[in-house]
Each structure stands twice: as C-alpha cells, then as structure tokens.
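In what follows, chains carry the letters A, B, and so on, assigned in the order in which the sequence lines appear, proteins first and then strands, with residues in each chain numbered from 1. Atoms considered below: every heavy atom in the structure, side chains included; atoms not considered: hydrogens, waters and symmetry mates. All of these numbers come straight from a predicted model, not from anything done at the bench.
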Amino acid sequence: MPELRLLDYGEHALLVQAEPAAVARLTVALASLPDVEVVPAASSVLVRPSAPEKLAETRTAAAAILATPLPPAPSITDAAEIRIPVVYDGPDLAAVADLTGLGVAGVIAAHTATPWRVAFAGFAPGFAYLADGDARLAVPRRAEPRTSVPAGSVGLADGFSGIYPRASPGGWQLIGRTDTVLWDAGRTSPALLTPGAWVRFEAARP
Amino acid sequence: MIEVLRPGPLALVMDAGRPGYAAVGVSPSGAFDRAAFRRGARLVGNDPGRQAGIEITLGGFAFRALAGWRVALTGTVCPVTVDGHRVGWDAVIDLDPGQILALGTPEIGLRSYLSVAGGLDAEPVLGSRSTDLLSGLGPAPLKAGDLLGVGVPPRSAGPPPARPWVPAGDDVLDLLPGPQTGWLADVEALATTWTVSPNSNRVGVRLDGTPIVRRAGEIPSQPLVRGAVQLPVSGQPVVFGPDHPTTGGYPVVAVLTDESCDRLAQLRPGQPCRLRWTTRS
C-alpha cells in the first residue's frame, strides 16, 4: 500500500500527500466523504468540507479511509473516452519531433495511439493536465513562454499533455490545435475534462 | 437600481464566492475581507451567503441611488458623504431616490464593502456574482455609468453588530504550518517584518524583504488554498488571496489562520507586515 500522509491545510482544508500513481484511487476514495470538495493534483489531494466547522469530523473520517485499502484504479472502461480531433500543425511540432527523436509522424502517432487520463486541473478554468500518455512524449516546457497562446492549442510539457481552453500566456510546446470547446461557464458541467475522465486524440485534417 | 458615478481605483461586485469548482480550475474567489463583507450584509438585513455587494479598493467610489435604498459601508474606513454631508461608517444609511453617496480615500487599510438591502444584481457565473480577476469569471470591474439592479429588500435592517468595529491597521499575520514547512532552512526566518509589494492583488499578496533560504527545487503541482504562503525561487513569499490559482508548483511553507486571511485583505502596498507562527487551530 502506498504511503499516505494526512495534513491540516489551514483552518478550512486537509491535504493528503501520496505517490502520483495513487492519486486517482485516493480521489475516488475521498470523494465518498459526505459534504466535501475533493481537489486532486499531481501527488496530493485537497479535501475541503463544505462547512469549516466540520474540519475535525472530516479529518477523522479521512483518516479512517486512509487506514483501509484504496479502491482499485478507475479503469478506462469506467468512463467513456472523450474524443478530441486535433490538427497537428503546432509551432513547436518540429521541435518536439527533434527533441523526442520520433519525427513529426512519430509524434502524431504517439499522441493519438494511447488514451490520456485527466489527472487534475489548474492554470485556467477547464485546463486539464493529461497524464499516462506515451512516455516518449515527455518534453520540457519552452525556455521562453509565449505571451499569448490561442484557445484550442494542444501542448506537451513535463510528461503531460494539455489543451488551452482560451487564449492565455503559456509555456507548453504546441503540437496542434482543436475546435473542441473545453470550457463553457453556461453548461451545468462547465469543464469538458474532469479528473478521472479519459481522452483520446485523433488526427484531423486542417 | 444604482448608477456608478465613479469606481475609484477598483470596484468589484462580490459575494461569498463560487466554492466547489477547484477540481476544474476555478478558484473560490469571493469577498477578500469576509468578516467586513458579512458585517455589512447583516447590517442591511441581507444573507451574506447569498447576496452580493461591492468590494471597493482604496475608496474613491461614488454612486447615485435611483430609488430609496438602505445601504451600509464596512471594512476600511473612508470619509463618506451623502449629497455632500458626512455620514457614519459601519451603520445603516437610508438613501432617498437621487441621492449621491461618495467615498473619499482611506488613511489606512485597503478594502471597503458597500452592502445594499436586497443585494446587487449581476449575471451569476457558476452560482456566484463575484468577479474573479485571475480566471476572468463574473462581472467586469465596475466603471462610471454602470447601472446595477437591486433585489427585493428585506423588510427590516439586521440587528446592530454585537461587537464594535475594529478598524484595519493591524499588520500581524498568524501562520500555521504548511505542507512544505520542512523546506525552510530556518523556520524563524519567515517570522519577521516584511513590506507589502505594490505587485499585490486579489490573486496574491507579495512580500518584499530579505530572501528566505529554502531547499532548492519545485514540487509536483499541489492544490492551493486562500492564505497559502508560497515560496518561489526568489525567496520572497507570496500569500494567496481569494482569486488564487487552484494548483501550483512552488512549496507552500505556511498557511494563514482564517482571521489573518481577512487581515491580509487590508494590507496596503508599501506598508510593513509582520508574520508570526501560531499554534492555535
């Protein structure tokens, strides 16, 4: 069983630290707590009771969950794959082809061949860090971030893939673009990609 | 309705925020000094959990009441007039149609709250009317000429507050341990007097001073909370406010107490600010 550490995180929240591989299972387990918000990240999970005065009882309940075996990892069969068509013509595609040694066709093949797991969100509403893709695509961020990256840009950085939900500054290596709407605050569920979902990229014609 | 005549340096529609969306990258946002916001809401008889007011940064705000509205001002004390006559702070003010309420500039402190009985109307986004300056959600910052609707006022004002108002000016922030407190070479180095950087806003308050020595490197992205004290490579702490990013990759070496999170809202750029460890919680 992976080592888990339960900490107070200010007076309103708790933080559970874990190995990155355990975060998805931990998130599922902690979401069974009543009246809490559960926020996963790369190697920790935030647990925030809806009422701050419930912190003590939430801490006790969370400790009980951590003392029992975690549920199995959510598998790809548990959630429908979200298919995202991508036009692979990003400004960093050639650089990524060189960095990885895969060539342009090899990068596209690697990016589309296996599904990516939505690990956690951050940076902007609807921006998802996609993990568990082809490990050969692990490239560093650009040395110089761009001051503006167009909405729908598909990028790679630090072993993750991600899609910019809207125009913003950004330092990821951009390999393509998509028309898929990642964020719509008018929807009941505003983010297309939520932690635990799976994404499959598909090469599309420009 | 009310008509904004001048917004001052920054005036934002604000309510209790939009909790529950951090897992998709949206901060809770909401009033920065929650105690001052709630106090104003209760004074006019509003439900602070539901209704919106205006967060005014560094005074300067003025508006015209287009109907008879019951209002109150709380938080950082500004000189305030109604049609040119001085009126009281932290108290209910009954405005007649057409009257103009105007704020001057506060001597100390930063954020004040205007509450209007019935609450201010603006298009809610994800259940909240708060302006989130980081994510760009919620109403735009107010500008001269903006007209804001007002909800149905409660029949009566709230009870007067049990405790007298303590004006802003206390510059001490209490620290609880954070997930990476162990990264500090000397935990006492953080517990000193800093200067509030002009490069501070609702996302984060930056503190200038002698850089802190910590273990080198970054951490895998970690969830953030209001009041998290992050220590980037510069060694100058950043204390996160209500519009903080939902995750971040620099160590969080401390977290403010709840009360200090409100006090943080009132720190003015350039003023000193003392951090101290507390065992309370």
For B/V125 and A/A185 the tightest heavy-atom approach is CG1-CB, 3.8 Å
Any sub-3.5 Å donor-acceptor pair from A/E37's side-chain atoms to B/A22's backbone N or O?
-> yes
A/L7 side, atom CG; B/Q180 side, atom CD - distance, nearest 0.5 Å = 8.5 Å
Any donor-acceptor pair under 3.5 Å from A/E11 side chain to B/T257 backbone | no
Out of B/P245, B/A228, B/G227, B/S135, which one racks up the most heavy-atom pairs below 4.5 Å with chain A?
-> B/S135
A/R48 side chain reached by B/P28 side chain, heavy atoms, under 4.5 Å | yes
Which atom pair, heavy atoms only, marks the closest approach of A/A41 to B/S221?
-> CB-O, 3.1 Å
Side chain, backbone, both or neither: which part of A/P125 has a non-hydrogen atom closer than 4.5 Å to chain B?
-> both
Sort out for me which of B/V24, B/L224, B/L137, B/V26 touches chain A most, counting heavy-atom pairs under 4.5 Å.
-> B/V24
Contact leader toward chain A among B/G25, B/G136, B/P223, where contacts are heavy-atom pairs under 4.5 Å | B/P223
A/R187 atom CZ, neighbour heavy-atom count above 12 within 6.0 Å = yes
Whatever's closer than 4.5 Å to a heavy atom in chain A on B/P124 counts as neither
Most contact-rich option vs chain B, by heavy-atom pairs under 4.5 angstrom, among A/P20, A/A13, A/G122, A/S50, is A/G122
Write out all pairs satisfying ring pair (Phe, Tyr, Trp, His ring centres under 6.0 Å) with one or both partners inside residues 149-187 of chain A, taking only residues at least two apart or from two chains.
-> A/F120-A/F160, A/F123-A/Y164, A/F127-A/Y164, A/F127-A/W172, A/Y129-A/F160, A/Y129-A/W172
Please indicate whether B/D47 has more than 12 foreign heavy atoms, meaning atoms of other residues, nucleotides or ligands, lying under 6.0 Å from its CG.
-> yes
Non-hydrogen atoms of chain B under 4.5 Å away: do they reach the side chain of A/V38, the backbone, both or neither?
-> backbone
Looking at CG of A/L46 and CD of B/Q222, how far apart are the two atoms once the value is rounded to the nearest 0.5 Å?
-> 9.5 Å
